[in-house]
Engineer: 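Quick one: the structure is below, questions incoming.
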Amino acid sequence: DSGVTQTPKHLITATGQRVTLRCSPRSGDLSVYWYQQSLDQGLQFLIQYYNGEERAKGNILERFSAQQFPDLHSELNLSSLELGDSALYFCASSHPGTSGSRTDTQYFGPGTRLTVL
Amino acid sequence: AQSVSQHNHHVILSEAASLELGCNYSYGGTVNLFWYVQYPGQHLQLLLKYFSGDPLVKGIKGFEAEFIKSKFSFNLRKPSVQWSDTAEYFCALANYGGSQGNLIFGKGTKLSVKP
């Protein structure tokens, strides 16, 4: 158990719908990262938040958005869902070390498996 | 752009065989490298990491990796695999773009160990 929790574990929805995935980081971790894992694209970075502020964006579609709340949990919102959005969505958290965020170890949650029908 | 390549898509070994999984990265500067493992149906777990210093890094469960700067490689090794090592293994590079700290992953290598 990494200490990172994600809900729900599974989500099945239809095309065109909107869903929200939730992530609670490890206690004390300020950074939250969202990754998408699909068969064709592998593990791709979506977006990073640090202490409530967006820090970096990766290959995140405009239909997707995220936020990090004052209690440091984060939500990933996926809208106008398409079949190709079916994937595993992982959240990871890290605590900034003295060397900065790039040397921090990221701890991953169990993921949310999204199936779009 | 930074990238990570794992050339072996699927490796099949018998128990007690030695393992070496290849990982090559592209980035000319200082690198931070990681190996993660994903057991079936589970989340990614950190096996080991390289930040600086001794290029031979020891991780959990008997795994080790060697950072060879001249070859841009960070191969994962284990002298004797067990059936329980069946999993997917991901090599990752920390992104050095701006203030980012996200990981750039390879496509992964699926390891199947036959009992």
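Order of the sequence lines sets the chain letters (A, B, ...), proteins ahead of strands, with each chain counted from 1.
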Engineer: Return the minimal non-hydrogen interatomic distance between B:Lys107 and A:Gln41, and the atom names on each side.
Structural biologist: NZ-O, 3.4 Å

Engineer: Are A:Tyr89 and A:Leu61 connected in the hydrophobic side-chain network, where two residues link if heavy atoms are under 4.5 Å apart?
Structural biologist: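 Shared cluster, yes.
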
Engineer: Do A:Tyr49 and A:Tyr33 share a hydrophobic cluster, counting only Ile, Leu, Val, Met, Phe, Trp and Tyr and linking them when any side-chain heavy atoms are less than 4.5 Å apart?
Structural biologist: no

Engineer: Does atom CG of A:Leu117 have more than 12 heavy-atom neighbours, drawn from other residues, nucleotides or ligands, at distances under 6.0 Å?
Structural biologist: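 Enclosed.
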
Engineer: So, do A:Gln6 and B:His43 sit near enough that their side-chain heavy atoms are less than 4.5 Å apart?
Structural biologist: no

Engineer: What pair of heavy atoms forms the shortest contact from A:Thr105 to B:Lys49, and how long is it?
Structural biologist: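 For A:Thr105 versus B:Lys49, the nearest heavy atoms are OG1-NZ, 2.7 Å.
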
Engineer: If you look at every heavy atom in A:Gln106 and B:Asn102, which pair is closest and at what distance?
Structural biologist: NE2-CA, 3.7 Å

Engineer: Distance from A:Tyr107 atom OH to B:Leu46 atom CG, nearest 0.5 Å?
Structural biologist: 6.5 Å

Engineer: Looking at CG of A:Leu88 and CD of B:Gln38, how far apart are the two atoms once the value is rounded to the nearest 0.5 Å?
Structural biologist: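 One finds 7.0 Å between CG of A:Leu88 and CD of B:Gln38.
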
Engineer: Shared ILVMFWY cluster between A:Val116 and A:Ile60, side chains joined below 4.5 angstrom?
Structural biologist: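 Per the 4.5 Å side-chain linkage, A:Val116 and A:Ile60 are co-clustered.
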
Engineer: Hydrophobic clusters here meaning ILVMFWY residues chained together by side-chain heavy-atom distances under 4.5 Å, can you tell me if A:Leu72 and A:Val32 are in one?
Structural biologist: no

Engineer: Under a single-linkage definition using a 4.5 Å side-chain heavy-atom cutoff for Ile, Leu, Val, Met, Phe, Trp and Tyr, are A:Phe90 and A:Leu78 assigned to the same hydrophobic cluster?
Structural biologist: no

Engineer: Can you say whether A:Asn59 sits under 4.5 Å from chain B via the side chain, the backbone, both, or neither, judging by heavy atoms?
Structural biologist: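 Nothing of A:Asn59, per the 4.5 Å heavy-atom cut-off to chain B.
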
Engineer: Quick one: do B:Leu103 and A:Tyr35 satisfy side-chain contact (heavy atoms from CB on, under 4.5 Å)? Show the steps, please.
Structural biologist: CA-CA 9 Å; B:Leu103 296 172; A:Tyr35 293 86; 3.5 Å; yes

Engineer: Measure distances from A:Gln37 to the heavy atoms of chain B and classify the residue's part below 4.5 Å as side chain, backbone, both or neither.
Structural biologist: side chain

Engineer: Step through the shown structure and confirm whether more than 12 heavy atoms of other residues, nucleotides or ligands are within 6.0 Å of NE2 on B:His9.
Structural biologist: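 Open.
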
Engineer: Return the OH to CZ distance between B:Tyr36 and A:Phe108, rounded to the nearest 0.5 Å.
Structural biologist: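 Spacing of OH (B:Tyr36) from CZ (A:Phe108) equals 5.0 Å.
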
